[in-house]
Protein chains: 2
Amino acid sequence: MTQEEKTARQDGGVRERLLAAALGLFNSKGYAAASVREIVEASGVTKPVLYYYFGNKEGLYLELMNGPLAEFESSLKRVTAFQGGVTERILHFCLTILELVRENVEVARLVYAIYYGPPQGAPHIDFNTLFDRMVESIGEMVREGAENGELRPDAGQDGAWAVISILNTAMEEQFCHTPPRIDGPQMERMLRLLMEGLAAKTA
Amino acid sequence: MTQEEKTARQDGGVRERLLAAALGLFNSKGYAAASVREIVEASGVTKPVLYYYFGNKEGLYLELMNGPLAEFESSLKRVTAFQGGVTERILHFCLTILELVRENVEVARLVYAIYYGPPQGAPHIDFNTLFDRMVESIGEMVREGAENGELRPDAGQDGAWAVISILNTAMEEQFCHTPPRIDGPQMERMLRLLMEGLAAKTA
DNA sequence: CATGCTACTTACCGATCGGTAAGATACTAA
DNA sequence: TTAGTATCTTACCGATCGGTAAGTAGCATG
């Protein structure tokens, strides 16, 4: 066996296979009802391998979550750098987030299931900071819009939450329906209707 | 033992206690992770009693769901009878639905967990018709408003879905946060902002 | 009192659960 | 070749799972 073959054994993709299988099964059955036995069977390895790589079921779950979460969080940071009028910035923000969700539907689905569902014995993961970050960013944009006269002065919290509602529901649609009943263009149109209600009155 | 005491034994509330315990545990742990043992323990009876009344775990779950679902559905029918301008009708509709959710937070929480989460081995319950009914009612009101000139002619699907988004997110807030970040009055303000964007242009 | 029914208990079942000890295999370095 | 390490397997563990058979207690009726 050569050095490359050693690499192949070391990096035979066991970790990735386990993570992929776990994602699928946690999504389709939930944490509690997805057994270690079926996860390893779907990965083509034996049970102690899972314990070798991840310590236990919880460790697998935490690693499954923490990777995409960090990625999503860094993407969230980047998207707030967009420049333009407030309406265009809000649209850009929401469309980018929605695209992110569409590119990671399975992970997003699991995140939402965890957020809305019971823990099922799974270790606690706090998604609030992520969602709160989005709420905050949108709130900041609406506030700026109200201050610079682009949006009505009383747009504030209510306006921000109305934007968040449209984004949130559009995101949820990506994994609740096949095909989703709301796509990017439709969410944009919805937001534009709302932004008209938020617009400063010039008459 | 008298006839009243017989009644007491027959109606000692065992069914209700089992349903209440199941609701709490399904909500806090999920269907799969909530065991029959802990449900009966929380009810103060023994395991075969659950099987006596409900046949099995699935039967308990189905009965737990079907009761409130039927109630929610009949409430939904009644709420569409309200008369008034389209904006007022939409507001009334959404506020009533939100109030219904607030009065049945535990059931609503479980419904959402089921809707967004994996089945966990639980029997399938179709919530789509319920949600679809709401989507349809709101769509109908927006359509009427566009036809009678109260709303802009292109309000249609996008406007309806924007309303649904706000209602949906407000509903979810009732069990995601304590206290919820969106209450009835705030949802109303959000909807009014949106309705301004949907309003027919008279200028 | 005997019988039948309802509501409930005790004790048990086979199956599956997450996890682990002991061992085997492959590889590398000395 | 030996020793150590990484990666993996077989076989097993105690605990819990949903479910059930057999029995008991309470009650009403004839």
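Here the structure is a predicted model, which is why all the values come from computation and not from measurement. The sequence lines fix the lettering, A, B, ..., with proteins before strands; numbering per chain opens at 1.
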Choose from dC8(C), dT10(D), dC17(C) the nucleotide whose nearest atom is closest to any side-chain atom of Pro48(A). dT10(D)

Apply salt bridge (charged side-chain N to carboxylate O under 4.0 Å, His left out) to Glu196(A) and Arg192(A), showing your working. CA-CA 6 Å; Glu196(A) 290 207 24; Arg192(A) 285 193 187 277; over 6 Å; no

Within the pair Tyr53(A) and dA6(D), is there a side-chain N or O less than 4.0 Å away from OP1 or OP2? no

Any salt bridge (Lys or Arg N to Asp or Glu O under 4.0 Å) involving residues 21-30 of chain A? Give me the pairs, sequence neighbours left out, ordered by first then second residue. Lys29(A)-Glu38(A)

In whole angstrom, give the distance that lies between atom NZ of Lys47(B) and atom C1' of dA7(C). 18 Å

So, is Tyr52(A) near the phosphate of dC8(D), with a side-chain N or O under 4.0 Å from OP1 or OP2? no

For dG19(C), does OP1 or OP2 lie under 4.0 Å from any side-chain N or O of Tyr51(A)? yes

Tell me: CZ of Arg37(B) to C1' of dT10(C), nearest whole Å? 13 Å

Kindly assign one of parallel, tilted or perpendicular to the pair Tyr112(A) and Phe175(A), based on the angle between their ring planes and the thresholds 30° and 60°. tilted

Measure up the Trp161(A) and Phe131(A) rings against each other and bin them: parallel (under 30°), tilted (30 to 60°), perpendicular (over 60°). tilted

Checking all strands, does Ala34(B) fall into the base, sugar-phosphate, or nothing category for heavy-atom contacts under 4.0 angstrom? sugar-phosphate

Need one value for Val49(B): base, sugar-phosphate or nothing, where a base atom within 4.0 Å counts as base even if backbone is also close, heavy atoms only. base

Output the rounded distance in Å from CG (Leu18(B)) to C1' (dA7(C)). 13 Å

Side chains of Asn168(B) and Glu172(A) only: does a donor on one sit below 3.5 Å from an acceptor on the other? yes

note: Arg15(A), atom CZ; dA6(D), atom P; distance rounded to Å ~ 14 Å

Below 30° counts as parallel, above 60° as perpendicular, anything between as tilted: where do the rings of Tyr116(A) and Tyr116(B) land? parallel

dC17(D) phosphate, OP1 or OP2, under 4.0 Å from Ser35(B) side-chain N/O: yes

Is there a residue in residues 56-67 of chain B whose heavy atoms reach under 4.0 Å of DNA chain D, and which residues are they? Asn56(B), Lys57(B)

Got a sec, which residues hit side chain to side chain contact (heavy atoms under 4.5 Å, CB included) with His177(B), two or more places apart in sequence or on another chain? Tyr115(A), Asn128(A), Glu173(B), Arg181(B)

Starting at atom CZ of Phe54(B), determine the distance to atom P of dA7(C), rounded to an integer number of angstrom. 12 Å

Whole-Å distance, Gln120(A) CD to dC17(C) P, equals 15 Å

